[in-house]
Asks: 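Below you'll find the structure I mean.
Note that the structure is predicted; figures quoted are calculated from it, not measured. Order of appearance sets the numbers: ligands from 1, and atoms from 1 within every ligand. Quick note: numbers below take in every heavy atom, side chains included, and nothing from hydrogens, waters or symmetry partners.
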Amino acid sequence: MKEVVVVEPGKVEIREVPVPELANEDEVLIQMKAAGVCGSDHHIYHGSNPCSTYPRIPGHENAGIVAKAGKNVTNVKEGDHVIVDLLSSCGECYQCRIGRKNVCEHVKVRGSGADGGWREYFTAPAKEVYKIDDRVKWEDAALIEPYAIGAHCTARARIVEEDVVFILGTGTIGSIILQTCKAKGVKKVICCDIDDASLERAKAYGADGVINSRTEDVASRVHEMTDGHGVTVAFDSACFPGSLTLCMQPGILCNAGRMVPMGFCTAPEQITQAMINQRELDIIGSRMSAFQFEPTIQRMEKGELDTEGIATALIPFGEVQQVFKYMDHPAPESKKMVILF
Ligand SMILES: [Zn+2]
Ligand SMILES: [Zn+2]
């Protein structure tokens with residue numbers, strides 16, 4: 001079988017290796033069918049992901065078929081279509097005990113701290129694998145993980161119908177947060193980006209107002225759109241140096257608002273205690289997701305997720321080099337790639 005290895009930042013090898021054996025009877029062998037390409041994979045390739053070590057097989061948005069199941073496996077069987085969780089957690093630490101396994105003290109993340117799914121086969125403990133209906137297209141199945149992030153961060157943000165939401169960045173995650181807020185009944189979601197095509201897509205997903213921050217003043221447009229009240233929740237899914245400061249500037253979040261940074265940008269921001277405490281803001285971290293794969297799979301199976309236009313490029317695994325080419329030279333109209341095996 002073939003596997004994709006980022007040997008060091010900027011250097012990729014396609015290696016020929018044997019199909020792995022099950023390590024024990026609680027594991028399954030997955031034959032990969034679809035893998036999403038995410039911003040964090042770009043960071044692994046470019047050496048800017050603080051959670052990644054090398055050499056590394058990327059890929060945390062993994063969908064495939066159970067090719068072999070150990071004797072003790074009961075939740076899935078050979079031939080089942082499955083989604084593989086990106087998380088392995090210990091189940092015993094403080095964080096695991098309080099239901100926060102995504103930030104387990106010993107968390108291992110497939111595709112960044114541990115090897116991921118950009119290979120034809122790999123093994124995983126069966127408890128980290130969830131069945132998905134055969135009728136879900138593979139390119140949609142690969143989107144379960146980012147949709148689980150949307151479910152997680154909106155839960156962390158305690159989103160309710162009466163919220164007024166601001167989303168900075170309408171790429172994949174911003175679009176999914178938008179869809180999730182609308183599905184939770186939020187009446188007003190304002191999306192902000194520098195790209196008009198992205199903002200048009202956001203309107204199609206239900207954005208109630210859009211702001212182009214390249215040509216418009218963000219705080220004064222938010223002021224207009226919210227009758228001067230500001231928004232109750234802001235998500236920063238743009239994650240560039242200064243993006244968090246932009247979201248937290250006076251005039252965007254209302255008093256008692258919640259701020260949810262979504263990324264891993266390491267650049268210092270210009271945030272003061274006064275910016276937080278004058279409004280008594282909550283700053284709410286959100287990392288990956290916990291316990292959201294199964295509910296998200298159910299929503300996908302029921303056709304509740306609008307995946308149209310989320311994955312904009314489907315790349316055959318045989319041409320996986322293209323993925324890295326596009327990472328170096330992104331096509332402007334391309335948003336998200338999915339590798340199909
Ligand atoms: Zn991802
Ligand atoms: Zn733990």
Asks: Do you know which two heavy atoms are closest between V103 and Q95, and how far apart they sit?
Replies: O-CG, 3.4 Å
Asks: Sequence neighbours excluded, which residues qualify as side-chain hydrogen bond (donor to acceptor under 3.5 Å, both in side chains) partners of E78?
Replies: none
Asks: Decide whether Y147 and Q179 meet the rule of one side-chain donor and one side-chain acceptor closer than 3.5 Å.
Replies: yes
Asks: A side-chain contact here means heavy atoms from C-beta on lying under 4.5 Å apart; do T154 and F235 qualify?
Replies: yes
Asks: Under 2.8 Å from the Zn ion (ligand 1), which protein atoms of type N, O or S occur, listed by chain and number?
Replies: C38 SG, H60 NE2, E61 OE2
Asks: Validate the cation-pi geometry between K2 and F317: distance from NZ or CZ to the six-membered ring centre under 6.0 Å, angle to the ring axis within 45°.
Replies: no
Asks: Listing by chain and number, what protein N/O/S atoms are under 2.8 Å from the Zn ion (ligand 2)?
Replies: C90 SG, C93 SG, C96 SG, C104 SG
Asks: Taking all atoms of both residues into account, what is the closest heavy-atom pair of C153 and I177, and its distance?
Replies: SG-CG1, 3.7 Å
Asks: Without swapping roles, check the side chain of R110 against the backbone of D85 for a donor-acceptor pair under 3.5 Å.
Replies: yes
Asks: In terms of ring plane angle, is the pair F324 and W118 parallel, tilted or perpendicular, where the classes change at 30° and 60°?
Replies: perpendicular
Asks: Let me have the donor-acceptor pairs involving side chains of residues 241-264, under 3.5 Å, with sequence neighbours excluded, atom names and distances please.
Replies:
| unit_1 | atom_1 | unit_2 | atom_2 | d |
| --- | --- | --- | --- | --- |
| S243 | OG | D236 | OD1 | 3.4 |
| S243 | OG | D236 | OD2 | 2.6 |
| S243 | OG | C239 | N | 3.4 |
| S243 | OG | F240 | N | 3.1 |
| S243 | OG | F240 | O | 2.8 |
| T245 | OG1 | E269 | OE1 | 2.5 |
| T245 | OG1 | Q270 | N | 3.0 |
| Q249 | NE2 | L246 | O | 2.8 |
| R258 | NE | A157 | O | 3.1 |
| R258 | NH1 | D163 | OD1 | 3.2 |
| R258 | NH2 | A157 | O | 3.0 |
| R258 | NH2 | R158 | O | 2.9 |
| R258 | NH2 | D163 | OD1 | 3.3 |
| R258 | NH2 | D163 | OD2 | 3.0 |

